[in-house]
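Reading through the structure tokens given below for one structure.
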Amino acid sequence: MKILVSAKRVSDPNAKLAISGDGKWVEGDVEYVMNYFCENAIECALALAEEHGDVETVALGIGDSDETGRFVRQGALARGIDRGIVVSADEGTIDSDLIARVYQKIVEKESPDLVLIGKQSVDGDSNQVGQLLAEYLDWPQATFASKVELKGDQVEVTREVDGGLEVVSLSLPCVITADLRLNEPRFASLAGIMKAKKKPLDEYELDDLDLGDAAPKVRIAKMTTPSGRKSGVLVKDVDDLVAKLRGEARVI
Amino acid sequence: MNPGLAVLQARLGSRFSTDPEHLRTWGCDWTRAFAPQPAAVVWPADTSEVADILALCSHHHLAVVPSGGRTGLAAAAVATNGEIVLSLDRLQHLGPVDLAGRTVTVGAGVANQALQDHLRPFGLWWPVDLASKGSAQIGGNLATNAGGLRVLRYGHARHWLLGVQAVTMAGEVLELGGPLVKDNSGYALAQLLAGSEGTLAVITQATLALAPLPGPTQTLLLACPSLAAVVETLTWLRGRPIVIDAFEVFSEFCLQHVARHTGQRRPLPTTAPWYALVEFEDPQSLEIDTILTGLLEGGAVSDGAVAVDRQHSARLWQWRERITESLQAFTPHKNDIAVPVAALPAFGADLLAWLDQQPHPHPLPVAVFGHVGDGNLHINTLRPAEWTTERFALACKSLDDDLFALVAAHRGSISAEHGIGLVKKPWLHLTRGPAELAVMRATKRAWDPQGLLNPGKIFDL
């Protein structure tokens, strides 16, 4: 069995970002971390491989080739993923649709039985790639997975839906998008970091993938920072508080 | 009732309180061994109000306990005897950052984290990094000469102190030092206040030296078979061309408590008696390879986790930073000792042998963690649930007698960074001689002749 798993780097959600003058991208030194949901997808792939044996795991990263390569190696291969693939692309302009089509081409090359993708990136927050990919491949999909169990040629996925859980059964091959409660990701080990250096990492350019039209369909028109939080006020007493909650905040 | 109380109340209005809830909260620090019993809490708005309050208290012969973020672990900020608690919570001034001189002047009540947030946009920080940085205040950091997680690289709070504004018990406002890097003109009184535990004057404002934020760092969690292996690893790393920011240690027992407290998955698939958390400024990647290979092949490390990004680094640090809170439910008796780093393996062996020979029918559980790079270990004894506070206190007292004798035998200190306060007062004489203590007492009398400022802390007069 073969599992293809996503390994996307994102700007650190805890860092403050500065928006560039034209409002279309961020500027200055951006610190990157592995996308939280990709961490869950990677952990899920590793756990399935440990549980079932005879599973090959492959991580795919798309973006700046050197930096994405480093993330795939340290964030995925050092934790135990067998191989890496990096597709070089400009992270500032590539959109979810193009990413899904890159995945499609890699799936056609690799023929995995299962694609595990973070449900969304914590910087772009688009939540589209897994769904688009399933459509392009015409594969079944389960989104927002909080539990994944392999049962023969079926996968049983517990999904987090509004107000509860839904358990669905899919036939392989399929696409699953990982949610935060799926698992708790492991750390890379000392030995894992050393082993990762010798693991294969294939690199592609967008042009290598026969994508047809590789122009993005969505462009960032404008980004703005959230408006600052209003400063608090001191209330005199409980009556004053109630009056303000009712009159100004209108929450009661 | 002392008539001074009514005068204070009239002067301060709602910034004076005798509400029992306030007395309990502001009357103590993180220690629980002494019951807080202050007469009142006051929250002055600025330095001149601090001066007014202290002059008034002097006049009415009211004792005063200065209080910061109340995260101290030596009961130096506990009011047990009808004192006025003087909270510096409202002294929140954050001055402009002096980029040329790399200094900033801030109010004593500014939380350590708030200061760091103020400095970060300038690429600077005040390199006193505490697990309790959200609450701990700058005034308290200085008055206790706080250490924390980066002492190995940066030293204690006093290394980053240029000047203070402080108020004496008589109500005199002193401007000691300032944004001067060089100032050899008489006694360095600001430095004397660092570590004075609020017994000499009340710090109201401080001028601090700042450091550039460290570059990208590499965080590792290493599993080691013995304390000797931990020190061997430190020695080996110190020989490499890297700048070590932190080198912390904790026992498997601590790790188990954090795992239970946080519900997190263990950081390593294997277990070991000791873990070292190491952080160093990231050299070129080539160097890291040789470091990781060296650690792996050196034999002193049995396993290790590597943070591959900042989020992982923060997660690894949790295993060290959350030890104290994970032990809190066991009302631990805390010790904060230091021995010369080179003596750590021998001290550790003696310590473990001594713990094994505890004379009690049920040996008390002991959590050991701390800052190996500084030779500083926090030794926390946990109270079994079925033991009364009194029985536990008695047992700890006898444990402390043995422990401190062991520390003194290894030429260590009975209080590496927490201070003496009330908690360690009985043992100060073990490592400080009579002549030295006499000079300390004379110094106290010179600053506070009536003995009203934080009385009974560090030593009795």
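Proteins get letters first, then strands, A, B, ... in listed order; numbering begins at 1 in each. Just so you know, these numbers use all the heavy atoms, side chains as well, and skip hydrogens, waters and symmetry mates.
- Counted within 6.0 Å of NZ on A:Lys199, heavy atoms from surrounding residues, nucleotides or ligands total more than 12; the atom is thus considered enclosed.
- Residues of residues 72-89 of chain A placed with any heavy atom under 4.5 Å of a heavy atom in chain B are listed by number as A:Gln74, A:Gly75, A:Arg79.
- Only the side chain of A:Glu31 has a heavy atom closer than 4.5 Å to any heavy atom of chain B.
- In this structure, A:Phe187 and B:Leu316 have side chains that are in contact, with non-hydrogen atoms separated by less than 4.5 Å.
- A:Val33 places none of its side-chain heavy atoms less than 4.5 Å from the side chain of B:Val308.
- Contact of B:Leu222 with chain A is made through the side chain alone, with heavy-atom distances under 4.5 Å.
- With a threshold of 4.5 angstrom between heavy atoms, A:Pro13 does not approach chain B through any atom at all.
- Contact check for B:Asp303 versus A:Leu190: no side-chain heavy atoms found under the 4.5 Å cut-off.
- The CG atom of B:Leu221 sits 12.0 Å away from the OG atom of A:Ser189 when rounded to the nearest 0.5 Å.
- Nearest heavy atoms, A:Phe71 versus B:Asp309: CE2-OD2, 4.2 Å.
- Interface residues of residues 36-63 of chain A toward chain B, defined by a heavy-atom distance below 4.5 Å and sorted by number: A:Tyr36, A:Glu39, A:Glu43.
- Between B:Gln311 and A:Asp12 the shortest side-chain heavy-atom distance does not fall below 4.5 Å.
- Taking A:Asp123 as the reference, A:Lys8 meet the salt bridge (charged side-chain N to carboxylate O under 4.0 Å, His left out) condition, with sequence neighbours excluded.
- Contact residues of residues 262-281 of chain B toward chain A are B:Gly263, B:Gln264, B:Arg265, B:Pro267 (heavy-atom distance under 4.5 Å).
- Proximity to chain B is limited to the side chain of A:Met194, based on heavy atoms less than 4.5 angstrom apart.
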